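Below is one structure, written out as structure tokens, with a few remarks after it.
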2 protein chains.
Amino acid sequence: MDKTICTCDLCKNKLCARTVSIFSSLDADQLSEVINLIVHRQYKKGELLLLEEEAVNGLVIINEGQVKAFRTSPEGREQILHIFSEGDFFGERNLLREQNSPYSVEALEETHVCLIDKRDFQVMVRESPDIALKIMEALCEKLDRLENTVETMGARTVDARVSAVLLEFANKYGKPHSKGIMIELPLNREGIANYIGLTRETVSRKMSHLQEDGILEMVGNKKVLLLDRPALEKAAE
Amino acid sequence: MDKTICTCDLCKNKLCARTVSIFSSLDADQLSEVINLIVHRQYKKGELLLLEEEAVNGLVIINEGQVKAFRTSPEGREQILHIFSEGDFFGERNLLREQNSPYSVEALEETHVCLIDKRDFQVMVRESPDIALKIMEALCEKLDRLENTVETMGARTVDARVSAVLLEFANKYGKPHSKGIMIELPLNREGIANYIGLTRETVSRKMSHLQEDGILEMVGNKKVLLLDRPALEKAAE
DNA sequence: CGGGCACTTGATAGTAATCAAGTCCGGTGG
DNA sequence: CCACCGGACTTGATTACTATCAAGTGCCCG
């Protein structure tokens, strides 16, 4: 795990803390206090930010890039639990209790993070109780998403699962495009498979099928152009 | 939804609020104040406490009995997300935000609950911030459990899933027994299937297989005697 | 431009869902 | 307390689907 000083624009300008909703209730003084406590790090694609069962020593805020949080089963199958992007954070569950990390976290691309030490954060929460509310909000959002995931994985067909994950990516990463919505995929085929409990071959086949049906168009391996969103929504049901 | 006055011993003696960890930080005065705000209800097996997409008007604490929280997919498949028993509560996510229920809740047996109105609860949280911490704890526990569920459903074999759910029940409902651990199952075969995304027939077959292997013994339809816990743990990996 | 890795596509096998009886449990009423 | 009835459970046969194994193609990065 290579630790380097963060050089991204946001951090150089000391604005990183301002972009994160968790600190939105702080005034300028409090904010500059926070900024002084923040340690910056950056990770290359494939580097680990955290290892399952390891002690968590603070809150990690993604400032640039994205990461996957995953577990590996005894047989070696990887299950991705969360994908965190700019503005997301993790480690909040371990700020108030002594417990090791429930997952490993790996950079999916060049990723810059802001790190706040556990003790510093505990002080901050005590001084600004609104932060606790923001954390609760974040916990609720994660719960909502995981409940959706459980329903999708337990009660939906495989076709619906693939459609659902593409819709999720369209909502999160989609950019308007003349023919529809251009989606920059955060995961390769194997990653998508590990996110919804399938194999890469099955994901590949189902995506090809969606292309045949004219619902989407694959643009290289890393992008998808969603042509018919309503049809994809119907397929995800 | 039949609403009746609660007649269970705990409530008659006004002790119900005391048994719930969420109020453990309150002193006697605060507690009696809480007790005056509590409304009691009881539900028969099969009755709905809450319907998906319905407004949630307060916190529901299970005082006696148990319930399942579930969603029904468009094709009619039911996915159970949580099982709540004595001391558990739900609805906490809707206390701080306006959002409808993410699931339906149905009584699995005669169930007595304590209900605290949303507004009353918001006042309580403001007066006793420790309650917010308790809620955060509960949210974290639910997150932990759902992450386990996602991993189990996505990355484990079907045999491992059945073993895992039986272990979960053993931990939660198991009572020591001369030959092992006696488990009173909260769900019938179909319910177990809907909890781990399988069909009742498959669950039935896998449980028969575990019995053939001498790992457990079925005692009627509603109980299981776990004979070899280490073997079940190994099978759940 | 070239090589390696990710992706696609095909063939096969394994496993759970489905369809279909038949059995047993458990609650009810005599 | 026992007999009976209905629903839950088990077990079997078949089908459908995805994982696996395998080969070939094409994308992407250096």
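Sequence lines set the chain letters: A, B, ... in the order given, protein chains first and strands last, and positions in each chain run from 1. Just so it is clear, the structure is predicted and the values come from calculations on it, not from any experiment. Below, all heavy atoms of this structure are taken into account, side chains as well, without hydrogens, waters or symmetry copies.
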Which side-chain N or O atoms in residues 213-223 of chain B pair as donor and acceptor under 3.5 Å with protein atoms at least two apart or in another chain?
| unit_1 | atom_1 | unit_2 | atom_2 | d |
| --- | --- | --- | --- | --- |
| B:Asp213 | OD2 | B:His209 | ND1 | 3.4 |

(message) In this structure, how many angstroms lie between the P atom of C:dA17 and the CZ atom of A:Arg156, rounded?
(response) 17 Å
(request) Calculate the interatomic distance between A:Glu201 atom CD and C:dC7 atom P; express it in whole Å. (result) 11 Å
(message) Quick one, B:Cys140 and A:Leu139 - any side-chain contact, counting heavy atoms below 4.5 Å?
(response) yes
(message) Quick check: any donor-acceptor pair below 3.5 Å linking the side-chain of A:Glu190 to the base of C:dC5?
(response) no
(request) Would you mind reading off the distance between B:Asn221 atom CG and C:dC24 atom P, rounded to a whole angstrom? (result) 12 Å
(request) Nearest-nucleotide wise, let me know which of A:Val203 and B:Asn188 is further upstream toward the 5' end of DNA chain D. (result) B:Asn188
(request) Walk along DNA chain D from 5' to 3' and tell me the first and last nucleotide with an atom closer than 4.0 Å to a non-hydrogen atom of chain A. (result) D:dT18 to D:dC29
(message) What is the separation between atom CG on B:Asn194 and atom P on C:dA17, rounded to the nearest whole Å?
(response) 11 Å
(message) Applying the side chain to side chain donor-acceptor pair (under 3.5 Å) criterion to B:Tyr195, which one of B:Glu78, B:Glu190, B:Glu168, B:Lys68 satisfies it?
(response) B:Glu168
(request) Give B:Met207 one of three labels, base, sugar-phosphate or nothing, depending on what nucleic acid heavy atoms sit under 4.0 Å from its own. (result) nothing
(request) Mind checking A:Lys206 for me? I need base, sugar-phosphate or nothing, with any heavy atom below 4.0 Å counting as a touch. (result) sugar-phosphate
(message) Rounding to an integer number of Å, can you tell me how far B:Arg200 CZ sits from C:dA17 C1'?
(response) 11 Å
(request) Would you mind telling me which residue lines up with the more 5' stretch of DNA chain D, A:Lys222 or A:Arg205, judged by nearest nucleotide? (result) A:Arg205
(message) Regarding A:Glu141 and A:Arg145, does a basic nitrogen lie under 4.0 Å from an acidic carboxylate oxygen?
(response) no
(request) Find the distance B:Ile192:CD1 to C:dA16:P and express it as a whole number of Å. (result) 17 Å
(request) Apply the salt bridge (charged side-chain N to carboxylate O under 4.0 Å, His left out) test between A:Asp159 and each candidate in A:Lys234, A:Lys206, A:Arg205; give the one that qualifies. (result) A:Lys206
(message) So A:Ser204, base contact, sugar-phosphate only, or nothing? Heavy-atom distance under 4.0 Å.
(response) base
(request) Indicate whether any N or O donor in one side chain lies under 3.5 Å from an N or O acceptor in the other, for A:Asn63 and A:Arg41. (result) no
(request) Give the rounded distance in Å between these two atoms: CD of B:Glu217 and P of C:dC25. (result) 13 Å
(message) What is the distance, to the nearest angstrom, from the CD1 atom on B:Ile196 to the P atom on C:dA17?
(response) 10 Å
(message) Counting only side-chain nitrogens and oxygens, does B:Thr202 get under 4.0 Å of the OP1 or OP2 atom of C:dA17?
(response) yes
(message) Contact between B:Arg156 and B:Glu151 at the side-chain level, heavy atoms closer than 4.5 Å - yes or no?
(response) yes
